[in-house]
Amino acid sequence: MKNVQLYDKSFKLYLTYEEIQNAVDAVAQKINNDLKNEDAPIFLGVLTGSFMFFGDLMKRIDFPCEMCFIRLASYEGTSTTGSVKQMLGLTQSVRGRNVVVVEDIVDTGGTIMELDQILKDAGARSVRYSTLLIKPGNYKGSIKIDYPALSIPNDFIVGYGLDYDQIGRNLKDIYVLDVEETERRKGINIR
Ligand code: 5GP
Ligand code: MG
């Protein structure tokens, strides 16, 4: 599929499933190299957007590890609200443990800054950050992202776990907002 329509917005193909899988391979290899001698780290998936990346990444991790989740939300529609809400707390204790955060996308960095505080307060021994996507042009955080899979411009994207107003997460490829097509359809009044 080259184009998708989600509610009032048009999107065009940006990264294919194969390109995503290659990037996940590379990140998994680095994590396997770096963490193979640590005692059972905990991979922390940030719901909801990271669920596909989390599944694909974890299939490639070749050392014993645990998994847990947290649910945070900062986006409404296509822009960040600036405040991060904790919708579901940590699903298990991370006290004294090495944690690898698994994020879908790092944009301004507000979410991971908040998460870093949550994990410090919860007594994590170390925290590393992996993300499928990063927008370096928007990033204002002070945390080093240890394992970014793909860098992208400051455009709004959907698919492979990422949503537009909760839809589009099931798309296996990643799509970028097509501003011209969205405007054109608005002009001729079609959805
Ligand atoms: P940050 O707090 O770094 O500004 O934003 C991170 C969160 O905003 C991500 O975990 C994701 O949920 C959402 N987000 C940021 N950029 C995009 C985007 O381009 N598309 C979608 N669907 N969500 C995004
Ligand atoms: Mg996220």
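We count ligands from 1, going down the list as the structure has it; atoms in each ligand are counted the same way. Keep in mind that what you see is a predicted model, and the values were worked out from it rather than measured.
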May I ask whether D155 places a heavy atom under 4.0 Å from ligand 1? yes
Let me confirm one number: the CD1-CG distance from I157 to L15, rounded to the nearest 0.5 Å. 7.5 Å
Kindly write out the residues that satisfy side-chain hydrogen bond (donor to acceptor under 3.5 Å, both in side chains) with D39, not counting sequence neighbours, or none if the list is empty. none
Heavy-atom check, side chain of F156 versus side chain of Y164, under 4.5 Å: yes
Separation of I70 CD1 from L119 CG (nearest 0.5 Å): 6.5 Å
For a distance under 2.8 Å, give residue and atom name for each protein N, O or S atom next to the Mg ion (ligand 2). E103 OE1, D104 OD1
When you measure from the side chain of D163 to the backbone of G168, do you find a donor-acceptor pair of N or O atoms at a distance under 3.5 Å? no
Counting heavy atoms only, name the option from P153, G168, G109, G141 that's nearest to atom 3 (O) of ligand 1. G109
Examine ligand 1 and decide if any of its atoms is less than 4.0 Å from a heavy atom belonging to K135. yes
With atoms numbered from 1 as shown, which atoms in ligand 1 lie under 4.0 angstrom from a non-hydrogen atom of G110? 1 (P), 2 (O), 3 (O)
Between the candidates I152, V176, D107, which shows the shortest non-hydrogen contact distance to atom 5 (O) of ligand 1? D107
Going by the atom numbers of ligand 1, which of them fall below 4.0 Å from some non-hydrogen atom of F156? 18 (C), 19 (O), 20 (N), 21 (C), 22 (N)
Tightest non-hydrogen contact, residues F63 and K36, listed as CD2-CA, 4.0 Å
I'd like to know if D8 and K186 make a salt bridge, using a cut-off of under 4.0 Å between side-chain N and carboxylate O. no
Give the atoms of ligand 1, by number and element, whose distance to some non-hydrogen atom of E103 is under 4.0 Å. 10 (O)
Output the distance between atom CD1 (I134) and atom OH (Y147), rounded to the nearest 0.5 Å. 14.5 Å
Modelled atom types, side-chain donor and acceptor of Q21 and D25, under 3.5 Å: no
Which atoms form the tightest heavy-atom contact between V176 and Y14, and what is the distance? N-CB, 3.9 Å
Counting from 1, what ligand 1 atoms have a heavy atom of D163 closer than 4.0 Å? 21 (C), 22 (N)
Winner among D104, T108, D165 once heavy atoms are compared against atom 12 (O) of ligand 1: D104
For ligand 1, which atoms have a heavy atom of L162 less than 4.0 angstrom away? 21 (C), 22 (N), 23 (N)
Should R125 and E38 count as an ion pair when the cut-off is N to O under 4.0 Å? no
List every atom of ligand 1 that sits less than 4.0 Å from any heavy atom of I157, numbering the atoms from 1 in the order shown and giving each element. 18 (C), 19 (O), 20 (N), 21 (C), 22 (N)
